There are 2 protein chains.
Amino acid sequence: MEKHVTIKDIAKELNTSVSTVSKALNEKYFDINPETRQRVLKAAREMGYRPNPIARKLQQGRSYNIGVIVPEFLDTFFPEVIFNIQKRLIKEGYQVVVMSSDESFETELENLKTLEDNMVDGLIISLTRETKNIDYINKIIDRGMPVVLFNRVNPSIRSPKVIFDDFKWSHFATEHLILQGYRNIYHFSLPYHLAMSQKRIQGFKSALKKYRIPFTEEHIIETGISIEEGQEAMKRLLDRDIVPGAVFAAGDKVAIGAIKELKRRGYKIPDQIGVMGFTESALAEIIEPNLTSVNQPTDKIADKIVELLLDSINDNGKAKIGEFLIGGTLNVRESSRVMASDPKRT
Amino acid sequence: MEKHVTIKDIAKELNTSVSTVSKALNEKYFDINPETRQRVLKAAREMGYRPNPIARKLQQGRSYNIGVIVPEFLDTFFPEVIFNIQKRLIKEGYQVVVMSSDESFETELENLKTLEDNMVDGLIISLTRETKNIDYINKIIDRGMPVVLFNRVNPSIRSPKVIFDDFKWSHFATEHLILQGYRNIYHFSLPYHLAMSQKRIQGFKSALKKYRIPFTEEHIIETGISIEEGQEAMKRLLDRDIVPGAVFAAGDKVAIGAIKELKRRGYKIPDQIGVMGFTESALAEIIEPNLTSVNQPTDKIADKIVELLLDSINDNGKAKIGEFLIGGTLNVRESSRVMASDPKRT
DNA sequence: CTGTTAGCGCTTTCAC
DNA sequence: GTGAAAGCGCTAACAG
C-alpha cells in the first residue's frame, strides 16, 4: 500500500523546503523562480502528488465544497434541482455534497452539523415537512455561513430564499380551468402547514374572485402528497355525493390519485370533470388522460440558488435576505382541454 | 461571529492541558480521574464544544463518512437505493455523502478523487454508462479503500459487487409471457454494452429454449433507456409490418414507450399483444394498462451493499471479491394478463 | 527568490 | 492521573 505523497516528500526529493514546494504548487505566488516551479511541478507529477484537501481545510477553513440538504429525493423534483445545481457549481470549481433528511427534523439537524463541521463553504437547504424550529439554521447563518434556502422555506430564516411563485401560478392554473368553462372547482391542497400550500390556496381563491365565482371553504380540501392520498380524498368526496366540476390538485401525484378514482367510477375526463395538477412530473404524460399541470423549471431554480449562494460567499455575508420568485409554465394537456383556445401560458 | 470552541479553550478555562481534555472527551481512555472527566464534560457542554472532524480526520485518517457515487439520480432506482443505504449506515454511526457522475466518466473520476482525498472510510459505486477504464478504481482498492460496487458493475474490478439476478428474472419474465400463451416475443434490450443487458438477453433466450420456441436474432432489438427510445423502437418495428405477439422490454420506460405506440395504432393490450417491463418503477401502475414488470428490491440491495462494505471496513481489505445476486419479484398486471393463472412469483 | 517557523484542532506517546 | 511535545499536511508570515 503505497504511502500518500506529501509536499514534504517532494521537498526532500528536491532538496528544498516545504514552503517553496507549497508556493510552487500554488498559482497565486509569483515570488518564485520559474525554473524552481517547473522542477517542483515535474517532481509532483512524477511522484503522483495529490494535495490533501483535509489539511488544506484545516489550515484555511475553506473547502470548496457546497453542502446540499433536501428533505427527500425519491420524487423527481429534488434530484432534478440538485443535478442542475451540481452542474453549475462544478464549473465554478466547487464540489457538491448531498444529504437527505428523509423528512425528519432530527436528521436535518444532524446533516446541518455534519456539513458545518466539515467546513463546507456554503449550504443549500430545503426544509423537511417537520421543521418548525429554525434556531439552529439562523445560528449557523449568524456565524457567517452562506446559506440559501429553496422550495421548502421558512420566512424567519435570515437568508435568501428561492421559491416558486405559487400564488401566481396557482391563480393561472385556476383561471385556466375557469376559462375552459369549468365551475364548481375543488382544490386538493397539500398539507396546510406548508407555506406553499397556503400560497396555492390564495392563488386559487384569487382566481375565483376575479371571475366572481362563488366560493365556500368546502371547496378546499387538505390532502397529502401521494397518489393514494389523492385517490382517498376523491373517494371521500364522491362518497358524499359531491361531484366536482373540476379538481385542481396542488400536486401531480394527488391529481393522479383523483383521476384514478374518477376513472374507476366511470366519469369522463375532461368532458364531465376537468383535472389539473401542479409541480409537473414525468407522470403527467403517462397517466391517461395526460395531465394538465404547472411546470416548475428546475434549471432556473438552480440558477438562482447558485447565483445567490456565490454572491453570499463572495460578498461575505451581505446576503440579500428575502424571497426570490421563480415563474413556471402551464402545460395544458388532455385532462382539462375542452376548447382549443386558452393558449399555453409562460 | 463567535469563534468555534476548541479543546484548547476548554483547557484554558479549566487550567488544565489539552491532552487531558482530549482524553476526558474520548471514552476509550481510562487513566483519567473520573472527576476531571466530569469537569471537562461539563465545561464542554456549557461552552458549546463540538469536535472538529476535519482535524480528527487529518490526525487519524478516518472520517466516519461513506461516499456514494451513482451515475444519475433522476430516475427512482438510485435515489431509492441511496435512501436505504443512508438509513442503514446512519444507524452504524456513518454519514453518507452522495455524488452524481451524470453518466460522465470524467465526472466519475473527479468524484472518486474528491471522496478519496476527503478520506471517506468506504466507497459505494455504480458506474456510468461510459466507464470502460477501471484502472483508477482498482488503484484505490489496492491502496486499501473498502469499495462495494452495485448495479452497474465491471467484472474486472477487485471488489464485491451487488447485482440483480438479471439472468434469472429475465428468464422468469419471458417464461411468464410464454405461459400466458404469447409467442413471437420480441426483446427490447437496453444498450448492449451494459453487462446487465447481456444477462437479460441470455435469460430471454434461455426461457425460449426451455419451451422450444424458435428464435432468431431478429427478435432482439437494441434500444435505449427512455420512453422515447422505446416508442421509437416500436414504431420502427411496426413500420416494417412486424407485429409482435408480445414485447419484453428490459426497462419500464422502454416498455411504456412501446405501449404508447401500440395504443396509438389501436392495438389492444394485452389481448392482441402482451407487454412486460423490467426494473419496476412507479410508472408501472400509472400507465394503462398497468404494466407487468420485475421489481428490484432496493432495500435488499442496500442491505447487501452495506453488509459487504462494513465487512470490508472491519476485516480490513479481506473483501470478498465477487458477485452477490439479489432476487426480485414478478408483478403481474394487466399488460400481460391473459389467463388468471401463473401466480405471482417471488 | 528561498527557507525557517508557527499554527490550524486534534490524538498519542512518553515523561513525570 | 496529568501534562509537555510531536505530528497529521498544508499555508503564511517573516527573515534572510
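Remember, it's a predicted structure, so these values are computed and weren't measured experimentally. All chains are named by letter (A, B, ...) in the order of the sequence lines, taking the proteins before the strands, and each is independently numbered beginning at 1.
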A:L112 vs A:L123 side-chain heavy atoms within contact, under 4.5 Å: yes

For atom NZ of A:K28 and atom C1' of D:dA13, their distance in whole Å: 13 Å

Position toward the 5' end of DNA chain D (nearest nucleotide), A:V18 or B:T20: B:T20

Touch class at under 4.0 angstrom, heavy-atom based, for B:L58 against every strand present: base

Any B:R56 side-chain nitrogen or oxygen under 4.0 Å from OP1 or OP2 of C:dT11: yes

Test: A:K87 and B:D102 ion pair at under 4.0 Å: no

A:N33 or B:Y29, whichever maps to the more 5' nucleotide of DNA chain C: A:N33

N or O in side chain of B:S22 less than 4.0 angstrom from C:dT11 OP1/OP2: yes

Distance, rounded to the nearest Å, where B:E35 contributes CD and D:dT2 contributes C1': 14 Å

Selected nucleotide, minimal atom distance to A:T6 side chain, candidates D:dT2, D:dG9, C:dG3: D:dG9

Base D:dA4 to side chain B:S17, donor-acceptor N/O within 3.5 Å cut-off: no

Main-chain N/O of A:L308 paired with A:S312 side-chain donor or acceptor, under 3.5 Å: no

Interatomic distance where NZ belongs to B:K57 and P belongs to D:dG9 [whole Å]: 15 Å

Nearest-Å distance for atom pair CZ/P, residues B:R39 and D:dT2: 9 Å

Nearest to side-chain heavy atoms of B:I7, which nucleotide of C:dT4, C:dT13, C:dC10: C:dC10

Nearest to side-chain heavy atoms of A:P34, which nucleotide of D:dG3, C:dC1, C:dT11: C:dC1

Between D:dA12 (P) and A:R62 (CZ): distance, integer Å: 12 Å

Between C:dG9 (C1') and B:Q60 (CD): distance, integer Å: 12 Å

Length of the CG-C1' vector between A:L25 and D:dA12, whole Å: 15 Å

Test item: B:N111 side-chain N/O and B:S100 main-chain N/O as donor-acceptor pair under 3.5 Å: yes

B:T36 side chain near D:dT2 phosphate (N/O to OP1/OP2, under 4.0 Å): yes

Salt-bridge contact B:E116-B:K113 (side-chain N to carboxylate O under 4.0 Å): no

Nucleotide D:dC10, atom P - distance to CD1 of A:I10 in whole Å: 8 Å

Ion pair B:R158/B:D142, N-O distance below 4.0 Å: yes

Nucleotide of D:dA13, C:dC8, D:dG1 approaching B:D31 most closely (side-chain heavy atoms): D:dG1

Phosphate contact (C:dT11 OP1 or OP2) by B:N26 side-chain N/O below 4.0 Å: yes

Residue-phosphate contact under 4.0 Å: B:K23 side-chain N/O, C:dC10 OP1/OP2: no

base_contact_polar (C:dG7 base, A:Q59 side chain, donor-acceptor, <3.5 Å): yes

Selected nucleotide, minimal atom distance to B:A55 side chain, candidates D:dT2, C:dG9, D:dT11: C:dG9

